[in-house]
Amino acid sequence: VQLQASGGGLVQAGGSLRLSCAASGRTFSSYVMAWFRQAPGKEREFAAAISRAGGTYYVDSVKGRFTISRDNTKRTVYMQMNSLKPEDTAVYFCAAGRGTSYYTRYDYDYWGQGTLVTVSS
């Protein structure tokens with residue numbers, strides 16, 4: 001599986017962005033999909049995941065502001081990010097995995113190249 005993330009950019013605090021991650025291959029629906037993020041000088045952290053059945057999981061800091069979704073017909077996962085804060089500034093990575101847990105980077109086998117989100121105050 002190859003993943004291509006896009007949609008990052010510069011936005012003011014309180015603004016919105018929508019990230020997209022397009023996947024190659026015909027088995028997209030069999031993967032758990034997730035977004036991780038890595039801020040400057042920090043480790044990569046889990047942001048959100050969506051299961052094969054469409055169940056969604058979020059880190060507490062983004063609950064109520066971010067929404068992850070998937071379109072299996074387009075082999076694409078999205079993350080709508082609203083009410084952005086300067087602390088959301090990071091490189092966002094999409095990931096795909098076939099496991100049954102969602103929250104660590106070790107649960108995922110494939111990674112996209114990352115897209116930079118910068119939130120100005």
Going by the angle between their ring planes, with limits at 30° and 60°, are F66 and Y92 parallel, tilted or perpendicular? tilted

Walk me through whether D107 and V32 qualify under side-chain contact (heavy atoms from CB on, under 4.5 Å). CA-CA 9 Å; D107 297 319; V32 174; over 6 Å; no

Between N82 and S16, what is the shortest heavy-atom contact and its length? OD1-OG, 2.9 Å

Any chance you could measure D71, atom CG, to F28, atom CZ, to the nearest 0.5 Å? 8.0 Å

When every non-hydrogen atom of S121 is compared with those of A13, the smallest separation belongs to CA-CB, 4.4 Å

Any side-chain heavy-atom pair of V1 and R98 under 4.5 Å: no

Is the number of heavy atoms from other residues, nucleotides or ligands under 6.0 Å of Q2 CD greater than 12? no

Please say yes or no: joined through hydrophobic side-chain contacts below 4.5 Å, possibly via intermediate residues, are Y103 and V59 part of one cluster? yes

Distance check, rounded to the nearest 0.5 Å: C21 atom SG versus M79 atom CE? 10.5 Å

To the nearest 0.5 Å, how far apart are OG in S24 and OH in Y110? 9.5 Å

Restricting to non-hydrogen atoms, name the atom on A23 and the atom on L3 that form the minimum distance, rounded to 0.1 Å. CB-CD2, 3.6 Å

side-chain contact (heavy atoms from CB on, under 4.5 Å), that's the test. Do R65 and Y58 meet it? Break it down for me. CA-CA 10 Å; R65 300 188 298 121; Y58 299 95; over 6 Å; no

Assess the residue pair S51 and Y57 against the criterion (side-chain contact (heavy atoms from CB on, under 4.5 Å)); give the C-alpha distance rounded to whole Å, side-chain angles, the decisive distance to 0.1 Å, and a yes or no. CA-CA 8 Å; S51 71; Y57 308 86; 4.3 Å; yes

If you look at every heavy atom in Q38 and E43, which pair is closest and at what distance? CG-C, 4.0 Å

Going only through I, L, V, M, F, W and Y residues with side-chain contacts under 4.5 Å, is there a path from Y102 to L19? yes

What are the two closest heavy atoms between T89 and A39, and how far apart are they? O-CB, 3.7 Å

Just by modelled atom types, is the S30 backbone N or O under 3.5 Å from a matching donor or acceptor in the R52 side chain? yes

Short side-chain to backbone donor-acceptor contact, Q113 and A5, under 3.5 Å: yes

Treat each ILVMFWY residue as a node, draw an edge where side-chain heavy atoms are under 4.5 Å apart, and state whether Y31 and Y78 are in one component. no

D88 vs M81, side-chain contact (heavy atoms from CB on, under 4.5 Å): CA-CA, chis, key distance, verdict: CA-CA 10 Å; D88 294 318; M81 305 188 296; over 6 Å; no

What is the minimum heavy-atom distance between G7 and L17, and which atoms define it? O-CD2, 3.9 Å

So, is the end of the R105 side chain (NZ or CZ) under 6.0 Å from the ring centre of F36 and within 45° of the ring's axis? no

Shared ILVMFWY cluster between L116 and V62, side chains joined below 4.5 angstrom? yes

How many angstroms lie between atom NZ of K85 and atom OG of S61, to the nearest 0.5 angstrom? 8.0 Å

Test salt bridge (Lys or Arg N to Asp or Glu O under 4.0 Å) on D60 and K63; report intermediate values, then the result. CA-CA 5 Å; D60 286 346; K63 282 181 181 177; 3.0 Å; yes

